[in-house]
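Chain naming here is simple, since letters A, B, ... match the order of the sequence lines and numbering starts at 1 in each.
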Protein chains: 2
Amino acid sequence: MSQLSGKQADILDFLKEFLQEKDYPPSIRDIQEGCRISSTSVVDYNLRKLEEKGLIRRDREVSRGIEVLGNKARRAKIIDVPILGSIAAGQPIPVPSSDRFNNDVEDTVTVTEDMIRGRQNVFALRVKGTSMIDDLIDDGDIVFLEPAQAAQDGDRVAVWLKDRGEVTLKRYYLEGNRVRLQPANSTMQPIYTSADNVEIQGRFISSFRPFD
Amino acid sequence: MSQLSGKQADILDFLKEFLQEKDYPPSIRDIQEGCRISSTSVVDYNLRKLEEKGLIRRDREVSRGIEVLGNKARRAKIIDVPILGSIAAGQPIPVPSSDRFNNDVEDTVTVTEDMIRGRQNVFALRVKGTSMIDDLIDDGDIVFLEPAQAAQDGDRVAVWLKDRGEVTLKRYYLEGNRVRLQPANSTMQPIYTSADNVEIQGRFISSFRPFD
DNA sequence: AAAGTGAGCGAACATCCGTTCGGTGGAGTG
DNA sequence: CACTCCACCGAACGGATGTTCGCTCACTTT
């Protein structure tokens, strides 16, 4: 690949930084000032070079029409996932509020779509306590779920066990009118219970363990 | 909160959509056309309303200087974390390549800074196998680490156990010239070993368990 | 030495674009 | 009806912005 001149690298850095801070691209004169370049024409000249090298795309006839390419991070879609509450033994999952545009939820995690595989209506819960440690879910973990009332065999679901008064996260297998709930830790024993003792509350999408 | 008029809602939707597709905000005339509004002044009028209601911010004296607020997702910083390889029993962690600007790494995860707490030089590893199941790390998990050679007591670190030929992730406690490695699962027993048998390879930042 | 090339310079130009301004019409109010 | 308020309209103004043009300078090639 052809090397970038110092000025071109400067401009590229400036572009990225500017885009990070503001939400719109710089004008040529912004770049001129930011990179201490003497003339707008020099900026234009180098932008053309950058475009030739395929590092940016310019939308002519549009001011500030500069896109930085090859920038996976910029292109990624980001979603605010509401943290609806906590999940703990002895408590059912808080029901996802019916109106989706409920922006009252102050508590959100901002994630890339990679984290939730483009699922819709995903919500998150903080895990309190170690009651799901058999499922490799620790205290403080955040689990991402999508709303679900039913499950296919093998789905990882959050279920409410009526008799125990407990929510847990297990793989679900319907066997006759019994349900087998298989822990993620394969060395642990499954739970067998009657089908009407379990109430499915959501389907597991992914989970995240933050630094403590 | 005061309701939005139909036109204001249209404009707001258009703004978000435009920003999603292009990487720069629309001009007033773009909005005019996109929302089929008769005059630029009407767009201006409604943008002022939206600004009064705190839904957008406008940067005067800058064309296309429109930011959509209340949009935590837009503001979040995103980072491409390189996945340097796999972590498995019997293999040391691949060393983070010395030159950081090594963009040859094709394999990356795109995450928000929430996921790595703003740490620098973070890298990621895929977990192969269930050798770290005691640490609540499953096959297929992705762990985020920062480079480290030493550790403080209580740090969660990835260590190379020379005698076992194995990498594991445990809490680290130096006790005299022995090291206690405490699994995340508190019901499991710690490992005791001599200090020169362990080689610290990275400090745990966070981990992620994708949908399977 | 002459010619060529890449980078830079400053000024001027033509659009692009945000803003302003006078005006219209309908709804509500006394 | 007179008055006010709100949303809207079209045109025009002026600043912001991208682009072009002729020129210079340093360095390399012929």
Given the ring of A:Tyr172, does A:Lys170 sit roughly above its face, with NZ or CZ under 6.0 Å from the centre of the six-membered ring and within 45° of the axis?
no
Counting only side-chain nitrogens and oxygens, does A:Asn46 get under 4.0 Å of the OP1 or OP2 atom of C:dG6?
no
Just how far, in rounded Å, is P of D:dA11 from CD1 of B:Ile37?
17 Å
Can a donor-acceptor pair be found, under 3.5 Å and without considering hydrogens, that links the side chain of A:Arg209 to the backbone of B:Ser206?
no
Rounding to an integer number of Å, can you tell me how far A:Ile31 CD1 sits from D:dG18 P?
8 Å
Under 3.5 Å, which N/O atoms of the protein pair with N/O atoms of nucleotides 14-21 of chain C?
residue : atom : partner : partner atom : Å
C:dC17  : OP1  : A:Ser63 : N            : 3.3
C:dC17  : OP1  : B:Arg64 : NE           : 3.2
C:dC17  : OP1  : B:Arg64 : NH2          : 2.5
C:dG18  : OP1  : B:Arg64 : N            : 2.9
C:dG18  : OP2  : B:Ile28 : N            : 2.6
C:dG18  : N7   : B:Arg29 : NH1          : 3.0
C:dG18  : O6   : B:Arg29 : NH2          : 3.0
C:dT19  : OP1  : B:Arg60 : NE           : 2.6
C:dT19  : OP2  : B:Asp44 : OD1          : 3.3
C:dT19  : OP2  : B:Arg58 : NH2          : 2.4
C:dT19  : O4   : B:Thr40 : OG1          : 3.1
C:dT20  : OP2  : B:Arg48 : NH2          : 2.6

Strictly below 4.0 Å: does B:Lys7 bring a side-chain N or O up to OP1 or OP2 of D:dA7?
no
I'd like to check the salt bridge (Lys or Arg N to Asp or Glu O under 4.0 Å) partners of B:Arg29; sequence neighbours left out, ordered by chain and number.
none
Interatomic distance, A:Leu50 CG vs C:dA7 C1' [rounded to whole Å]:
14 Å
For atom CD1 of A:Ile56 and atom P of D:dG18, their distance in whole Å
12 Å
B:Tyr45 vs D:dA7: side-chain N/O to OP1/OP2 distance below 4.0 Å:
yes
Distance check needed: C:dA7 P versus A:Asp10 CG, whole Å only.
14 Å
Establish, from distance only, whether the side-chain atoms of B:Asn46 and B:Gln8 form a donor-acceptor pair under 3.5 Å.
yes
Round to a whole Å and report the spacing from CD of A:Gln32 to P of D:dA16.
14 Å
Would A:Arg119 count as a cation-pi partner of A:Phe144, with NZ or CZ less than 6.0 Å from the six-membered ring centre and within 45° of the ring normal?
no
Just checking, is any N or O donor in the side chain of A:Asp139 or A:Thr130 under 3.5 Å from an acceptor N or O on the other one?
no
